[in-house]
Visitor: 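Please find one structure pasted underneath; my questions will follow.
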Amino acid sequence: MNGTTRTTDYLFQVYRTLIAVLLALALGFVITCFVSEMPLEAFGNFLLGPLTSVRRFGNVIEAAIPLVFTGLAVSIVFQASQFNIGAEGQFFMGAVAAVIVGIVLPLPGVIHVLVCLAAAMAAGALCGWIPGVLKARLGASELVSSLMLNYVYFRLGVYVINYHFRDKEAGALVSWPIRETSWLDQFLQPTRIHWGILVVAAAVVFVYLFLYRTRWGYALRMTGLNINFARYAGIGTASVIVYSQVLGGAIAGLGGAVEMLGIHRRFIWMMMPGYGWDGIIVAILARNNPLGVVLGALFLAYMRTGADIMARMTDVSAEMVTVIQGVMILLVTAQAFLAGWRHRIVVREATRRKEVPQSEGAA
């Protein structure tokens, strides 16, 4: 595939995703017209509400931060043509590990933050290593094992917090507060945007460079494109399967730590927060591109913030965004969607390339 063909295919995928988003939004508006007495006001709040104040736009950034981490975690594994349904549990265990270190260890400021982040990455990596090894060594489906392990990690994390780090004086099932030296400080009032945004930026750059500028990333992508060819070319596909899951787990665990250190400052989740599942949506929208993950996470966070504003200000439920999400994912993943357009582009490009050499020869 030459550079022109790659560019054409990339642009087609971008246009295809944008059309899917617009169609989903149009369907959402049609449904709003049926269920609301004030459809224009409701949809106006949905589309423009997050831009009406600094606090509301800050909510978009806050919501996007964990989505970037889980989107990156899922994208890494998807690029190897593996499944990562375990990002939810890895994110959860990363948060547990960071809170434990934040409570137990008395360390100076920056060092304490770094140790918490490292502990979360180690916990997430270990959680990702298990389905990776099961797939590489035993041929077990990583889809099934990572999905089932989510519940194991959830129960284990809740047990550790409730029986060893629970704040019994609080009026809820929560952990003790972490030490202030482990906080990621919030710096933009009146929002809760915190310095974890720098960790997000570092994670995006790292994943991009790893995938597209290192031999390990190349081996991972080649394994994803054709595992049999990669094996024939001498790539250790078993090790690729393992380290893709480990790296994805480490990124997801890092996201759990950033959420705890920057927003909550104590462990508060007694049920799965759902960020791992959202990461799959973000990865699909981004086509597994690390830079696209940022845009996908911001878009999803923007929609959800708009849906919350719409629910508070009008008579339309916030669940409307679920309908829009579902339609978008169906259209983006449907191979037949705009397949005719893609076929015409390929034929036109092939015809153009065939005519160019003939015209040059005549000249």
Visitor: Would Val282 and Val323 show up in the same hydrophobic cluster when neighbours are defined by side-chain heavy atoms closer than 4.5 Å?
Guide: yes
Visitor: Heavy-atom count around Tyr151 OH within 6.0 Å, excluding the residue itself: above 12?
Guide: no
Visitor: Could you check Val113, Leu261, Ile178 and say which one makes a side-chain contact (heavy atoms from CB on, under 4.5 Å) with Trp183?
Guide: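 By the side-chain contact (heavy atoms from CB on, under 4.5 Å) criterion, Trp183 pairs with just one of Val113, Leu261, Ile178: Ile178.
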Visitor: More than 12 heavy atoms of other residues, nucleotides or ligands under 6.0 Å from CZ of Phe210: yes or no?
Guide: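 More than 12 within 6.0 Å, yes.
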Visitor: Less than 6.0 angstrom separating the ring centers of Phe91 and Tyr153, yes or no?
Guide: no
Visitor: Decide whether Gln189 and Arg55 meet the rule of one side-chain donor and one side-chain acceptor closer than 3.5 Å.
Guide: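 Absent: no donor and acceptor within the cut-off.
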Visitor: Mind checking the CD1-CG spacing from Ile61 to Leu298? Nearest 0.5 Å is all I need.
Guide: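 Interatomic distance, Ile61 CD1 to Leu298 CG, rounded to 0.5 Å: 5.5 Å.
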Visitor: Do other residues, nucleotides or ligands put more than 12 heavy atoms under 6.0 Å from Tyr212 OH?
Guide: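 For Tyr212, atom OH is crowded (more than 12 foreign heavy atoms under 6.0 Å).
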Visitor: Return yes when atom CZ of Phe83 has more than 12 non-hydrogen atoms of other residues, nucleotides or ligands closer than 6.0 Å, and no otherwise.
Guide: no
Visitor: Would Arg166 and Trp176 count as a cation-pi pair here, with the cationic atom under 6.0 angstrom from the ring centre and within 45° of the axis?
Guide: no
Visitor: Distance alone, cut at 3.5 Å: any donor-acceptor contact between the side chains of Asn59 and Thr305?
Guide: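 Asn59 vs Thr305: no donor-acceptor pair found between side chains.
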Visitor: Taking side chain as C-beta onward, heavy atoms only, is Phe46 less than 4.5 Å from Ile324?
Guide: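 Side chain of Phe46 against side chain of Ile324, heavy atoms only: contact under 4.5 Å found.
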Visitor: Could you check, using the six-membered ring where one of them is a Trp, whether His264 and Trp269 have ring centers closer than 6.0 angstrom?
Guide: yes
Visitor: Which word best sums up how the rings of Phe267 and Phe92 line up, parallel for under 30°, tilted for 30 to 60°, or perpendicular for over 60°?
Guide: perpendicular
Visitor: Centroid-to-centroid, Tyr302 to Phe299, below 6.0 Å?
Guide: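 So the answer is no for these two rings.
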Visitor: Less than 4.5 Å apart, side chain to side chain, heavy atoms only: is that true for Leu220 and Ile76?
Guide: yes
